[in-house]
Protein chains: 2
Amino acid sequence: MDKREKILNAAMELIIRQGLQHTPMSHIADRAGVGMGSVYKRFKNKEDIVNGIYVKIKTEEAAMIFVNYDERNSVPDTFNDIYGRMIDYFLSHPLKFNFISQYAFSPVIEKKTQVQAMSRFHRFDEMYARGLEQGLFKDLAPQHLTYFVFGSVCYWLKCASELQIDVDHKMRNQFLKMAWDSIKK
Amino acid sequence: MDKREKILNAAMELIIRQGLQHTPMSHIADRAGVGMGSVYKRFKNKEDIVNGIYVKIKTEEAAMIFVNYDERNSVPDTFNDIYGRMIDYFLSHPLKFNFISQYAFSPVIEKKTQVQAMSRFHRFDEMYARGLEQGLFKDLAPQHLTYFVFGSVCYWLKCASELQIDVDHKMRNQFLKMAWDSIKK
DNA sequence: AGGTTCAGACTGAATATTCGCTCAGTGTTT
DNA sequence: AAACACTGAGCGAATATTCAGTCTGAACCT
C-alpha cells in the first residue's frame with residue numbers, strides 16, 4: 001500500500017483510540033511501519049495529518065453516497081438513496097464516523113480543508129435546488145437543508161452508538177421518514 | 001467575581017480561540033488574573049477545567065430553556081418554548097455554543113460529566129413521554145427524539161454562524177416547524 | 001555478467017521545545 | 001502570630017521535529 005495511506009490509516013486508528021494529545025508522532029510512524037522522516041516528508045506536521053484524514057474520509061463518504069446518483073431520478077428517491085447510503089456508510093465504518101464527529105467542528109480542521117471536503121457534496125445542493133423548484137421543500141437555502149439533515153443523521157447515529165442500539169432496517173427507514181418530513185413543505 | 005468562575009471563563013475563551021493544545025495552563029492563569037497554584041487548587045488538571053466548562057455551560061443552558069417549564073402546558077407549546085429558548089440561548093452566547101459543538105463528542109469529556117450534564121435535561125424525556133402517550137410523536141425512544149432534534153438545532157445554527165446568516169424571527173419559527181414536523185406522527 | 005556510481009528515499013537517535021505541575025517564598029486574614 | 005491563600009519561576013517529562021548517515025535500485029561502464 002501507498003505509504004501516505006498507511007500513515008493516514010495508522011494515525012486515524014491511534015488518534016481515535018487515544019486522542020490527539022496522547023498520540024505521539026513516533027507511534028504513528030511505528031504503526032505505519034515507516035520512519036519519522038517519511039512521515040515529515042509527506043506531512044508538514046501533526047495537524048496536517050489530521051486534515052489529511054478528514055479529507056480522505058469525506059472523499060470516501062461522498063463517493064459512497066453518490067455512487068448511484070442520477071439527476072433523472074425523482075427527488076424523493078434520490079433523497080432516500082443518498083441518506084440511506086450515508087447511514088450505511090457510517091454504520092459500517094464506526095472509526096471513521098467517530099473521527100468525523102470529533103473533528104467536524106474542531107479548529108484543527110482548516111478552512112481550506114473544510115471547503116475542499118464540502119466541494120465533494122455539491123450534489124446535495126443540486127438535489128435540494130431541484131426539490132425547491134418542484135415545490136417539495138420548505139423555503140430555505142439548500143445549504144440550510146443540507147446542514148439540518150446532516151446534523152440529524154449524525155446525532156441520531158451517535159445516540160444509537162452510545163446507547164448500543166443496533167440500527168435495523170425498520171429503524172433506518174423510520175429515520176429517513178423523519179428527515180424527509182422535517183424539510184418537506 | 002469568584003476565582004473559579006474567572007478561570008473557567010478565561011479558559012473557555014482561550015480554548016475556543018486557539019484550541020486545547022495551544023492553550024498552556026500559564027496563559028489561562030494569566031488571563032484569569034491568578035497564579036498557577038490557584039488554578040491547581042481548584043482543578044485537578046487541564047482536562048478537569050474542560051469538564052468544568054462543559055458542565056457550567058450545560059447547566060446554564062438548561063436553566064435558561066426550562067425557566068418557563070410547566071407540565072400543565074400543552075406538548076406543542078412546551079416544545080416551541082423550549083427549543084425557541086435553546087436557539088435564543090445559543091445565538092446570544094456564540095462562544096459557549098462553539099465550545100459545546102467542539103467538545104460534545106470529544107473524549108476529553110468524561111462519562112461522568114456527560115451524565116451529570118444530561119441529568120439537567122430530564123424534562124425533555126418528560127415532554128417526549130407525554131407526547132408519545134398522546135400519540136403526537138412517531139414511535140421512538142424519547143432519547144432518540146431528544147438527540148435527533150438537538151442535532152438538527154446544532155448543525156443548523158452552525159451553518160448559520162459559518163455563513164454569517166443572521167437568524168431572524170421568521171427563520172427561527174421556520175426551524176421550529178421543521179423540528180416539530182420531523183417527529184410528529 | 002559483474003562492478004561502480006549516485007540520486008533520492010528512508011531511518012531513528014539526537015535535539016529543541018513546549019508545557020504540565022510543584023513548592024518555597026510572599027502576602028493576607030483573623 | 002498563626003493559619004491560610006496565593007504566586008510564578010523553575011523543574012523535568014513528554015514529544016515534535018531535524019538531519020547525518022544508511023539503504024536501494026537504476027543507469028552506466030568495463
Side-chain angles (χ1 to χ4, degrees), chain A residues 1-57 95 98-99 102-103 106-113, chain B residues 1-57 95 98-99 102-103 106-113:
Chain A
M1 202 204 305
D2 180 41
K3 270 191 185 169
R4 201 189 128 90
E5 285 296 293
K6 274 190 187 167
I7 294 166
L8 286 176
N9 285 334
M12 184 177 69
E13 265 189 63
L14 293 175
I15 290 172
I16 284 299
R17 195 127 26 97
Q18 319 171 350
L20 192 57
Q21 287 190 277
H22 301 298
T23 307
M25 291 294 261
S26 55
H27 285 194
I28 294 175
D30 281 355
R31 169 167 276 254
V34 304
M36 297 283 286
S38 294
V39 176
Y40 279 94
K41 177 110 200 282
R42 277 147 247 262
F43 298 96
K44 215 169 72 247
N45 51 38
K46 209 167 156 185
E47 305 201 340
D48 200 25
I49 296 181
V50 177
N51 279 268
I53 297 171
Y54 191 82
V55 170
K56 181 178 136 86
I57 296 177
L95 266 189
N98 242 302
F99 186 92
Q102 254 177 68
Y103 290 96
S106 161
V108 178
I109 302 298
E110 294 168 34
K111 195 98 197 165
K112 205 179 66 186
T113 306
Chain B
M1 202 201 306
D2 179 42
K3 271 191 187 169
R4 200 188 129 91
E5 285 296 293
K6 274 190 186 166
I7 294 166
L8 287 177
N9 285 333
M12 184 177 68
E13 265 189 64
L14 293 174
I15 290 172
I16 285 298
R17 194 127 28 96
Q18 319 170 349
L20 192 58
Q21 285 191 279
H22 301 299
T23 307
M25 292 295 262
S26 55
H27 286 194
I28 294 175
D30 282 355
R31 170 165 275 254
V34 303
M36 296 280 287
S38 295
V39 176
Y40 279 94
K41 176 110 199 281
R42 279 149 245 263
F43 298 95
K44 214 170 69 247
N45 52 37
K46 208 169 160 185
E47 305 202 340
D48 199 26
I49 296 182
V50 177
N51 279 268
I53 298 171
Y54 192 82
V55 169
K56 180 179 136 89
I57 297 176
L95 266 189
N98 242 302
F99 187 91
Q102 256 178 66
Y103 289 95
S106 161
V108 179
I109 304 298
E110 293 168 36
K111 196 95 197 170
K112 205 179 67 187
T113 306

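Residue numbers start from 1 in every chain, and the chains themselves are labelled A, B, ... in the order their sequence lines are given, proteins ahead of strands.
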Distances under 3.5 Å between protein N/O atoms and the N/O atoms of nucleotides 13-17 of chain D, please, pair by pair.
unit_1 : atom_1 : unit_2  : atom_2 : d
D:dA16 : OP1    : A:Lys46 : NZ     : 2.9
D:dA16 : OP2    : A:Met25 : N      : 2.5
D:dT17 : OP2    : A:Tyr40 : OH     : 2.8
D:dT17 : O5'    : A:Tyr40 : OH     : 3.4

Which protein N or O atoms sit under 3.5 Å from an N or O of nucleotides 8-10 of chain C?
unit_1 : atom_1 : unit_2  : atom_2 : d
C:dC10 : OP1    : A:Lys3  : NZ     : 3.1
C:dC10 : OP1    : A:Arg42 : NH2    : 3.3
C:dC10 : OP2    : A:Arg42 : NH2    : 2.4

Separation between CG of A:Leu95 and CD1 of A:Ile15, rounded to the nearest 0.5 Å | 11.5 Å
Measure from CD1 on B:Ile7 to C1' on D:dT7 and round the result to the nearest Å.
-> 13 Å
Distance in Å, A:Arg42 CZ paired with A:Asp2 CG, rounded so as to fall on 0.5 Å steps = 7.0 Å
side-chain contact (heavy atoms from CB on, under 4.5 Å), paired with B:Val39, selected from B:Arg4, B:Lys3, B:Met25, B:Lys46 | B:Met25
I would like to know whether A:Glu110 and A:Glu47 meet side chain to side chain contact (heavy atoms under 4.5 Å, CB included); could you show each step before the answer?
-> CA-CA 9 Å; A:Glu110 294 168 34; A:Glu47 305 201 340; 5.6 Å; no
Please check if the side chain of A:Lys56 supplies one atom and the backbone of A:Asn9 the other of a donor-acceptor pair under 3.5 Å.
-> no
Whole-Å distance separating the NE2 atom of B:His27 from the C1' atom of C:dG20 | 13 Å
Give, for atom CD1 of A:Ile49 and atom CG of A:Asn45, the distance between the pair rounded to the nearest 0.5 Å.
-> 8.0 Å
Begin with the C-alpha distance, continue with both residues' side-chain angles, and end with the deciding distance and a verdict on side chain to side chain contact (heavy atoms under 4.5 Å, CB included) for B:Ile53 and B:Tyr103.
-> CA-CA 10 Å; B:Ile53 298 171; B:Tyr103 289 95; over 6 Å; no
With A:Gln102 as reference, evaluate A:Val108, A:Val50, A:Ile16 under the side-chain contact (heavy atoms from CB on, under 4.5 Å) test and give the passing residue.
-> A:Ile16
